[in-house]
Each structure stands twice: as structure tokens, then as C-alpha cells.
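The block underneath contains the structure these notes are about, expressed in C-alpha cells.
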Amino acid sequence: MAATLFDDFNPISSKQWKQKIQFELKGADYNETLVWNSPEDIQVKPFYHKDELVKTFSVATKATQFKICQNIFVYDVEKSIERAINTLSRGADSIRFSIENESIDITNLLENLPLSNVTVYFNLSFISTDFVKKIDAFAAKTNTTIFCNLDPIGQLAKDGNWFTTKEKNNFETLNLLSKQTKAISLISINSSLYQNAGATIVQQIAYSLGHVNEYFNRIESIEQPIVFKVAVGTNYFFEIAKLRALRLLFNLIAKEYNHNLDCNIIVSPTKRNKTLYDYNVNMLRTTTECMSAIIGGANAIANLPYDALYHKDNEFGDRIARNQLLILKNESYFDKVNNPADGSYYIENLTNQLAEKSLALFKDIEANGGFLKQLNDGIIKRKIQESADAEQDLFDTGKEILLGTNKHPNKQDRMKEDLELFPFVKQNPRKTLIKPIIEKRLAEKIEQERLKLEDN
């Protein structure tokens, strides 16, 4: 009966739908009224129809297997062990350790954790063959899935300097490690750098592809999955399509190097739209961003605490962030279906367009010397700055809305000095969406203090 349920209804073509919409518009222009243009130069239509779908790709995502990841900064090993055990007992099934120097007793850290069926990621602020070989020895002995996330190019893009190594250069170190380690994944691509700096989605994908292509060209053998660290923004359907397009194009390029392993994508919400005022709204933003990550096919998601902009890591913020993902998994059933975006004409259309535009930009980068050359020449930075400035202009003029900030702000929500706000502003002078608001509030605060002094 289910197969013949709609046999009594005649199919309606996209042409018929458009005619009906134009009739209801009562003379208003269809394109000007209902079609909008994204920063990626993609025209978004009011509806999508099966008879216009041209599916030229296949993206396999496994939402049923996504992992809830907890970020832990390692300074005191014993405290980090205690925190990791507590986190794993409360629903996390993946840990990402951030380590600043190789004096940390990595063997002690790993050996005292219950890592059965737990994936471990590392964010290392250095590159050391001895340190990585200790991790490899542990992974080989315990059969633990570990991603080291070594990314010298990402370090160069972020800091302007390569890692300091005993070897001649960072690529020589990676080649050495690729021969001496077999149980762990070494390479990662910090794609979140580009998103948080203000790049468009097309730029994010293309720069990530150029980034990974440098490793394929410079490392003789990559026999483990490559990790992409991705930040997702607030444009819900575009972010779903971004992750799908990234995976699609990575597999396309990787096959040219006989690398037949799918990439591993670990996602965090962006910092670009997080606010100091009405900061509880950040929970709503991170929830929809995590939803995009799951549907888009993230392997792991490390949620961003709602208070991450003005607080150091704290138990309450981490627990709320983790619980958001637990609710999505256990109460909203986001982990019940693989490839959940398949069959959505809108998402598949976006995926196709983002993939085509990103591939064209990637080819242009390669034709003009490659990603590293353009990074060193300042071209990548300039292009991202142009996109960031364009986004800032949309925000300043109210065309891009950030609720509670440039639309419906709470006038009673005042600056809280005890939340380390002033150090944050001083240490983060780069232009962001929230910076004009901060500057305005700072000016008001200074003026109030000046008037008090005059009165006295």
C-alpha cells in the first residue's frame, strides 16, 4: 500500500511551482524578492525540485558513529588524568589533549586512562620525534586509535614560524616519523584557521585542499588517515554541504596519490559569531552548529562552551557543552541514520556548487605556485582579509544579523570586569564581528569614569 499511496496525485514540475509562486507574488520580481546571493556567489532559490537535480557525486557519511569529544589542556598530568576519567564517565567517547611542551609525561598520561573504544586526538604546540614515538608505542601496545594532528603548515599560517626541530626542516621530521611509526595517524589540516579568520566557505575548502596537497607532495608515504580540524559557522545548510564537499574533494585528490583512506573530520563551532553580551545565546548557536556537523558527516565533535570567550576551561561550561551533544545523540536521535542529508535537493545542490567552486579555486592556487607559495607571498592572508571585511560590513550595516548584538540587544547587559574581559580585548586586537561592540562599550565605560572624576 505504501508504494501506491500517492498514485492518485499528479506530479507537479518545478516549472508549475514557479508559475504558482509568481502568481502569488502579485507582480513582484521573483529573483529580487525570493532569490538571495551568498558570499560564495551561490544563488539560493526559494525551492528545489527533483527534476532540476544533477547529482554528480556520492558522499558516504556515518552519523551513527560520530563521537563526542572533550578538549583537555594538559598542564598537570595527574589533574588531566582525573578530568579525562570524569569526562569519559559522563558521556564523552573521545578526548583531545592540548600539550604545549614535550616535558609532559605522555606515557603516564595515556597508561592511566580507560581508553578501550575511545579515540584520542592531540593538539601539539611542538614537533618531536621522541615524543611522537612514545605515543606510537602506546598505540601499538594497546590498539588505541590515536591521531597526533601534526600540522607544520598550519603552525606557519597561524604563527608565522615553523616548528623548531632537530632535523633539517619540518617535512624531514614528518618523513622520518612516517617511516618510524605505524600505529598512529600523524598529519592534520587546521581548516578552522581559515573559517575563524573570516574566509568564505569556498575559500575554506580550497585552502584546506591546497594545504593537504602540500603534504601529499612532500611526504613520501602517508599510510594513516589524515585529520581535518574544521570550524562550522551559523549558516546551517551551507555548513552541512561544506563538510560533504570537503570529504568529496579530499577523496578525489587523495586518489591521485594512491591514498585510499577516507579523511577524519573533527569539528568545533566557530568563534566568529560568539558574543560576550547575551552570552547564553551562544548555547543556541553552538547547538545548531553541532547539528550541522553531525548531518554533514563529522567523525568527532568537540563542542565550544558557551563561555569560552571570557572564561578559561571550567567544569560547568564543559558539562553544558558535552550535554548539548548528548541530547542530540540520545534524545534527538541524530545518530540513528547514516547519510542523513542524502535526498535533500537543497543540500545536494549546495554540495555540488561548493565542490565545483572550491575545486576551481584549488586548481587556480596550484597553477600559481601552490598553497605554500601563496601563503608566503601573503596572497592567502589578503584574500581572507577581503572576505572578512565584507562580512564585517554586512554585520555593521545589519544585513547579517547576530541576535542580541546588532539586533535586539539587551541594553541592561553591561560589561562584567570580573569575567576577564579587559585582558581578552587587549590580547585579541584582531578585527572580529564583536570588536565594534566591545569598543563601543569600552568607550562608554571610559566616558563614565571621566565624568565621575570631573564631578569629584
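Atoms considered below: every heavy atom in the structure, side chains included; atoms not considered: hydrogens, waters and symmetry mates. Please read all numbers here as calculations on a predicted model, not as lab measurements.
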Margin query: Would the distance check show the side chain of Thr181 and the main-chain N or O of Ile184 forming a donor-acceptor pair, the cut-off being under 3.5 Å?
Written below: no
Notebook entry, point to check: Has the side chain of Ser268 got a donor or acceptor atom that lies under 3.5 Å from a matching backbone atom of Ala302?
Noted result: yes
Margin query: So does Asn123 get a backbone contact from the side chain of Arg96, meaning a donor-acceptor N/O pair under 3.5 Å?
Written below: no
Notebook entry, point to check: Can you check whether Glu32's main-chain N or O pairs, donor with acceptor, with Asp29's side chain at less than 3.5 Å?
Noted result: yes
Notebook entry, point to check: Does the side chain of Asp51 pick up a donor-acceptor pair with the side chain of Ser13 at under 3.5 Å?
Noted result: no
Margin query: For the CG atom on Asn117, are there more than 12 heavy atoms of other groups (residues, nucleotides or ligands in this structure) within a distance under 6.0 Å?
Written below: no
Check: Checking side chain to side chain contact (heavy atoms under 4.5 Å, CB included) for the pair Tyr121/Asn264: CA distance, chi angles, key distance, verdict?
Finding: CA-CA 11 Å; Tyr121 297 88; Asn264 185 290; 2.8 Å; yes
Next item on the list: Could you please spell out the steps behind the side chain to side chain contact (heavy atoms under 4.5 Å, CB included) verdict for Lys274 and Thr286?
Entry: CA-CA 9 Å; Lys274 303 306 178 290; Thr286 55; 3.4 Å; yes
Margin query: For the backbone of Phe122 and the side chain of Asn149, can you confirm whether one donor and one acceptor N or O come within less than 3.5 Å of each other?
Written below: yes
Note to self: Is it the case that the side chain of Asp136 and the backbone of Val132 share a donor-acceptor pair, with hydrogens and angles ignored and the cut-off at 3.5 Å?
What the structure shows: no
Checklist line | Residues forming a salt bridge (charged side-chain N to carboxylate O under 4.0 Å, His left out) with Glu223, sequence neighbours excluded | finding: Lys182
Item checked: Euclidean distance, Gln392 CD relative to Asp396 CG, rounded to 0.5 Å -> 4.5 Å
Checklist line | Positive for side-chain contact (heavy atoms from CB on, under 4.5 Å) with Glu289, one of Asn235, Asn303, Asn273, Val267 | finding: Asn273
Item checked: No-hydrogen, no-angle side-chain donor-acceptor test under 3.5 Å, Thr64 and Asp335 -> no
Notebook entry, point to check: How far apart are the closest heavy atoms of Arg244 and Ala341, and which atoms are they?
Noted result: NH1-CB, 3.7 Å
Next item on the list: Report, as yes or no, whether the 6.0 Å neighbourhood of atom OH on Tyr75 holds more than 12 heavy atoms from other residues, nucleotides or ligands.
Entry: no
Note to self: Could you work out, with side chain to side chain contact (heavy atoms under 4.5 Å, CB included) as the rule, every residue matching Asp307, not counting sequence neighbours?
What the structure shows: Pro305, Tyr310, His311, Asn314
Next item on the list: Might you work through the side chain to side chain donor-acceptor pair (under 3.5 Å) test for Asn352 and Glu348, ending with a clear yes or no?
Entry: CA-CA 6 Å; Asn352 200 37; Glu348 293 198 352; over 6 Å; no
Notebook entry, point to check: Under the side chain to side chain contact (heavy atoms under 4.5 Å, CB included) test, which residues partner Thr145, sequence neighbours left out?
Noted result: Thr119, Phe147
Next item on the list: Kindly compute the distance separating CG (Asn217) from CZ (Phe371), expressed to the nearest 0.5 Å.
Entry: 13.5 Å
Next item on the list: For the pair Asp262 (side chain) and Pro225 (backbone), establish whether a donor and an acceptor sit closer than 3.5 Å, ignoring hydrogens and angles.
Entry: no
Note to self: Which label fits Phe216 and Tyr257: parallel for a plane angle under 30°, tilted from 30 to 60°, or perpendicular past 60°?
What the structure shows: parallel
Note to self: Donor-acceptor check, side chain of Asn368 to backbone of Asp364, threshold 3.5 angstrom: yes or no?
What the structure shows: yes
Checklist line | Other residues, nucleotides, ligands: >12 heavy atoms within 6.0 Å of Asn143 CG | finding: no
Check: Which of these, Leu304, Thr287, Ile301, sits in a side-chain contact (heavy atoms from CB on, under 4.5 Å) with Gln324?
Finding: Thr287
Note to self: Quick test of your reading of the model: are Asp377 and Arg382 salt-bridged, counting only N-O distances below 4.0 Å?
What the structure shows: no
Next item on the list: With sequence neighbours excluded, tell me which residues meet side chain to side chain contact (heavy atoms under 4.5 Å, CB included) with Ser80.
Entry: Ile72, Val74, Leu109
Check: With distance as the sole criterion, is a donor-acceptor pair present between the side chains of Gln385 and Asp389 under 3.5 Å?
Finding: yes
Item checked: Spatial distance of atom CG (Leu354) from atom CG (Leu246) [nearest 0.5 Å] -> 11.0 Å
Notebook entry, point to check: For the rings on Phe334 and Phe66, is their centre-to-centre separation under 6.0 Å?
Noted result: no
Next item on the list: Using modelled atom types only, decide if a donor and an acceptor are shared between the side chain of Tyr215 and the backbone of Ile153 within a distance under 3.5 Å.
Entry: yes
Margin query: Enumerate the ring pair (Phe, Tyr, Trp, His ring centres under 6.0 Å) contacts for residues 179-210, please, sequence neighbours excluded, ordered by first and then second residue.
Written below: Tyr194-Tyr207
Note to self: Between Lys158 and Asp151, does any side-chain N to carboxylate O distance fall below 4.0 Å?
What the structure shows: no
Checklist line | Derivation and outcome, side chain to side chain contact (heavy atoms under 4.5 Å, CB included), residues Glu239 and Val230 | finding: CA-CA 10 Å; Glu239 294 295 339; Val230 179; 5.9 Å; no
Check: Going from CD on Glu256 to CG on Asn258, what distance comes out if it is rounded to the nearest 0.5 angstrom?
Finding: 8.5 Å
Check: Is a side-chain N or O of Ser38 found less than 3.5 angstrom from the main chain of Glu40, in a donor-acceptor match?
Finding: yes
Next item on the list: Could you tell me whether Asp130 and Lys166 make a salt bridge, using a distance below 4.0 angstrom between a side-chain N and a carboxylate O?
Entry: yes
Item checked: Inter-residue atom distance Trp162.CH2 - Asn170.CG, 0.5 Å rounding -> 6.0 Å
Please list, one pair per line, the donor and acceptor atoms closer than 3.5 Å that link side chains of residues 290-297 to other protein atoms, with sequence neighbours excluded.
| unit_1 | atom_1 | unit_2 | atom_2 | d |
| --- | --- | --- | --- | --- |
| Ser292 | OG | Tyr236 | O | 3.1 |
| Ser292 | OG | Thr288 | O | 3.3 |

Check: So Trp17 and Phe47, would you call those rings parallel, tilted or perpendicular, with 30° and 60° as cut-offs?
Finding: tilted
Check: Between the side chains of Gln203 and Lys383, does any donor sit under 3.5 Å from an acceptor?
Finding: no
